Amino acid sequence: MEETCKNVYITTPIYYVNDVAHIGHAYTTIIADMLARYSRLTGHNTYFLTGTDEHGQKIAQSAEARGRTPKEYADEVSGKFRALWDNFDISYDKFIRTTDEQHKLGAQKAFEKMYNKGDIYKGEYEGFYCVSCETFFTEKQLIDEQFCPDCGRPTSIVKEESFFFKLSAYEDKLLKWYEENEDCILPRSKKNEIVNFVKSGLRDLSISRTSFEWGVKLPESINEPKHVMYVWLDALINYISALGYGSNEEKFEFWPASIHLVGKDILRFHAIYWPAFLMSLELPLPKHIAAHGWWTRDGEKMSKSKGNVVDPKQVADAYGLDAFRYFMLREVPFGQDGDFSQKALIDRINSDLGNDLGNLLNRISGMSGKYFDFKVSSIDVEKFHKKELDEVNKILENVEDFIFNMQINRFLEDLWKVLTIANKAIGDYEPWSKMKEGKTEEAMALVALITNIMAKVSILLQPVMPEKIEKIATSLGIHINTELYNKLIVNKELLNDVTITKVDQLFPRVEEPLIEQAPETKKDKAESEKKSDKQEEPDNLITIDKFFETTIKVGTIVEAEEVPKSKKLLKLQVDLGEDKNRQILAGIKEFYSPIDLIGTQACVVANLKPAKLMGMLSEGMLLAAKDENGLCLVRPEKTKISGTKIS
Ligand code: MSP
C-alpha cells in the first residue's frame, strides 16, 4: 500500500471455480478486505477487486466430470464464491469473472498489443503439463520423471502448436525492476527466491493451447481460431481488464495496482510473468506483490481425502465472523505458514478479545455508569494522564508502518499494547478509591483516559472487525470515519464529551470447541467428492500396484521370548509357510507375555528389509493397532494356513 498515493488499488487472486472456497481463499480475501477498509478509513480513493478464474483445462475437465458445460459449472461455483464474500460482508468494489465480455476484450487487446510489438511468436510446445496447477514443466523439473514439482500430481505430455511469449527477453529488465524497487515483492525472503529464479534463466512461455476450447479465443486479427489463450495469461490480465483495459478504461486511473495479494504458490506467476507482460504492454508495474503462506489444519496439510479442509463459513458461523477475521490476521506473521485449530482460535477469543478488549469496554460502561451517569468528559485527561497519553500516541504513531510492510500481526500486537496501558491504568489509579476520597476529577480523568484509548484503538481496529467495532462505537457514542481518524489518530486529539451506552458482552467466553465434527470432514463426503472430481486427487493416495509392493502374510508364532534388557521387545520365531523360522523382533512386550503368543497367528509384513535391533536381526513386522487403551495385534478372524497371503 502506498502512503502518499491517493488512489489505492487492491486485488486478490481470482479463484478457480473447480472447487468451493476454503480457508486459504478466505484468508487472502480477508487480508485484502482489511487493507481496503483501512485505505478507505484513512481517506484514500480505493478500489478493491476480487473474482473468479473460469477458463482452462482444469475447469473444463471438472465440468465434464459432472456432466455440465463449463459455463454452467462456472456460473454455479462463481456464484457460490460471490455469495460467500457477500455473507462475509467483503467490501469488494468489483467481482470480475474471466467469462465476462469486458474481460475477454481486455485479454484480446493485450494479446494483440504484445503480438504487434513482436513479443509473441508461433512455434510448437513439447513438454509436460500439470492440469491442476495449469503449469508447463520441463522433464528436468519433474519429480520421478512424472510428477508435478508443485502439487505432486501426475503430469501429462503435451505436444501442440502454440504461441510463445518472449519471456527470456525480459530477464534483465525484470532483474532491474527488482533491484530498483526494494519492496516490490513482499516478504523480502520471497523476493530473493524470485530473483534467484530469474537469474537462473527464463525460457519463453507457451501462451496458447489448441487441444481444448474452453478459453479466450485469440484476437481475430491474428486469425488463429484453433488457439485459446493460456489460462494464466488470461487470468493475470483480469487486474487491468477489470479497470476497463481494452474496453471502456472507466477505472483505469487506479492502475498501477497498489498491492496484489497472492498465496506463495502463485507468486512466480505474479512476480515474473505478470511484470513481463506489463512491460510488453508498456504499462506501469504494480507497487507491491505480497505473498502469504499456507494454512494447515491441526498441523496437517489440508486435503479433501483427509477430510480436514476448513470451511470458513462453518467457522465464522460458529465463532463469529469478526473473531475469525481477527484470528486469521493476528495468529500468523504474513508470509509464514499458519495452523488452524479450534483451540488456538478459542484462546484468541477468550484472551485477546474477551479479556483485553471486551472487558475494557465493560469497565468503561460500568465505571462511567456508576460514577458519572454514563457521561464522560476528556477535559482533565492531559492534566492527570499525560504520561499514558504520550505512551499511547507514540505507539499509534508507528503502527501504520506495519500495515505498509504487511506486518498485520504486529500492527495488532501494538494495538494490544495500547489496550494493556488502559487496563493497567485502571489498576494503578483505582478510580473507585479516588471516588471514595472525593477526587472526582481524577476519577473522571481516568475513565476518560480509557474511553479515549478505547476509541483510538477501535478506529484502527475497525478494518479488522467491522461489525464488533461498530458495536463498540455505538457504546462510546462515536461514529468511526475518516474525520474521526484524522482527529484522534493523525492529530492525536481527544474525544469531545460522550455518553456511554451499555452493550451486551461482545465476546462471550468459549468453553469448548463449538464445531463438534471438524468442518467438512465427513469422510464419506470427501470420498464422494474424490470420485466425482478427478482433479482433486489427494497426494497421499497410492495406486493398487504400490499397495501390492508390500507382502503381508498370515504367520503362526512358534516361539516367543523376552529380549534381555529391553523394555519393549519380544523375540519371535514365526512360521510363514515356506519360511518356517522367521525371526521377528516386535515391540509388544508391554502388552503380551510370550506364553500367550505361542501358537497364535498374526499378520506379518514379510518383505521388509531386515534390520538389527538390540544387536539381533529382525526380518519382518507384525501388524498391530494402538490407541489410548493399548495395543493389539491384527490377526485373521479364523485360523489360516501359515504363509497365506493377505490382500
Ligand atoms: N486462479 C489462480 C489465481 C489466478 S490470479 C490471476 C489460483 N486459484 S486458486 O483458487 O487455486 O487459489 C487461490 C489462492 O488460494 C492462491 O493464492 C493460493 O495460495 C490460495 N490457497 C490455496 N490453498 C491455501 C491454503 N491452504 N492456505 C492459504 N492459501 C491457500 O491459483
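These numbers were taken from a predicted model, which means no experiment stands behind them. In each ligand, atom 1 is the first atom listed, and ligand 1 is the first ligand listed.
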Short question: side chain of [X], backbone of [Y] - any donor-acceptor pair under 3.5 Å?
{"X": "Ser39", "Y": "Leu35", "answer": "no"}
{"X": "Glu171", "Y": "Gly201", "answer": "no"}
{"X": "His288", "Y": "Asp183", "answer": "yes"}

Practice task
Could you tell me whether atom 20 (C) of ligand 1 has at least one protein heavy atom nearer than 4.0 Å?
Solution key: no
Any N/O of [X] closer than 3.5 Å to an N/O of ligand 1?
{"X": "Thr28", "answer": "no"}
{"X": "Trp295", "answer": "yes"}
{"X": "Tyr16", "answer": "yes"}
{"X": "Asp265", "answer": "yes"}
{"X": "Ile266", "answer": "no"}

Practice task
Using a 4.0 Å heavy-atom cut-off, say whether Tyr239 meets ligand 1 through its side chain, its backbone, both or neither.
Solution key: side chain
Exercise for the section: Give the contacting part of Phe269 toward ligand 1: side chain, backbone, both or neither, where contact means a heavy-atom distance below 4.0 Å. Expected result: neither
Report, in ascending order of atom number, the atoms of ligand 1 lying under 4.0 Å from any heavy atom of [X].
{"X": "Ala235", "answer": "6 (C)"}
{"X": "His25", "answer": "10 (O), 13 (C), 15 (O)"}
{"X": "Tyr15", "answer": "10 (O), 13 (C), 14 (C)"}
{"X": "Met302", "answer": "26 (N)"}
{"X": "Gly293", "answer": "28 (C)"}
{"X": "His270", "answer": "5 (S), 6 (C)"}
{"X": "His22", "answer": "22 (C), 23 (N), 24 (C)"}
{"X": "Gly263", "answer": "17 (O), 19 (O)"}

Practice task
Please indicate whether Lys313 has more than 12 foreign heavy atoms, meaning atoms of other residues, nucleotides or ligands, lying under 6.0 Å from its NZ.
Solution key: no
Exercise for the section: For side chain to side chain contact (heavy atoms under 4.5 Å, CB included), just list the numbers for Ile96 and Ser241, CA-CA rounded to whole Å, side-chain angles, deciding distance to a tenth of an Å, and then say yes or no. Expected result: CA-CA 9 Å; Ile96 191 170; Ser241 69; 3.5 Å; yes
Practice task
Taking the side chain as every heavy atom from C-beta outward, state whether Ser208 and Phe165 have any pair of such atoms under 4.5 Å apart.
Solution key: no
Exercise for the section: Please examine the side chains of Asn18 and Ile59, heavy atoms only from C-beta on, and report whether any two atoms are closer than 4.5 Å. Expected result: yes
Problem - Worked verdict on Asp234 versus Thr98 for side-chain hydrogen bond (donor to acceptor under 3.5 Å, both in side chains) - result: CA-CA 8 Å; Asp234 164 0; Thr98 51; 4.6 Å; no
Fill in the blank from the handout: For atom 1 (N) of ligand 1, the closest protein heavy atom turns out to be Asp53 OD2, 2.7 Å
Practice task
Return yes when His292 approaches ligand 1 closer than 4.0 angstrom through a heavy atom, no otherwise.
Solution key: yes
Practice task
Please work out which of the three classes, parallel, tilted or perpendicular, describes the rings of Phe252 and Tyr245, given edges at 30° and 60°.
Solution key: tilted
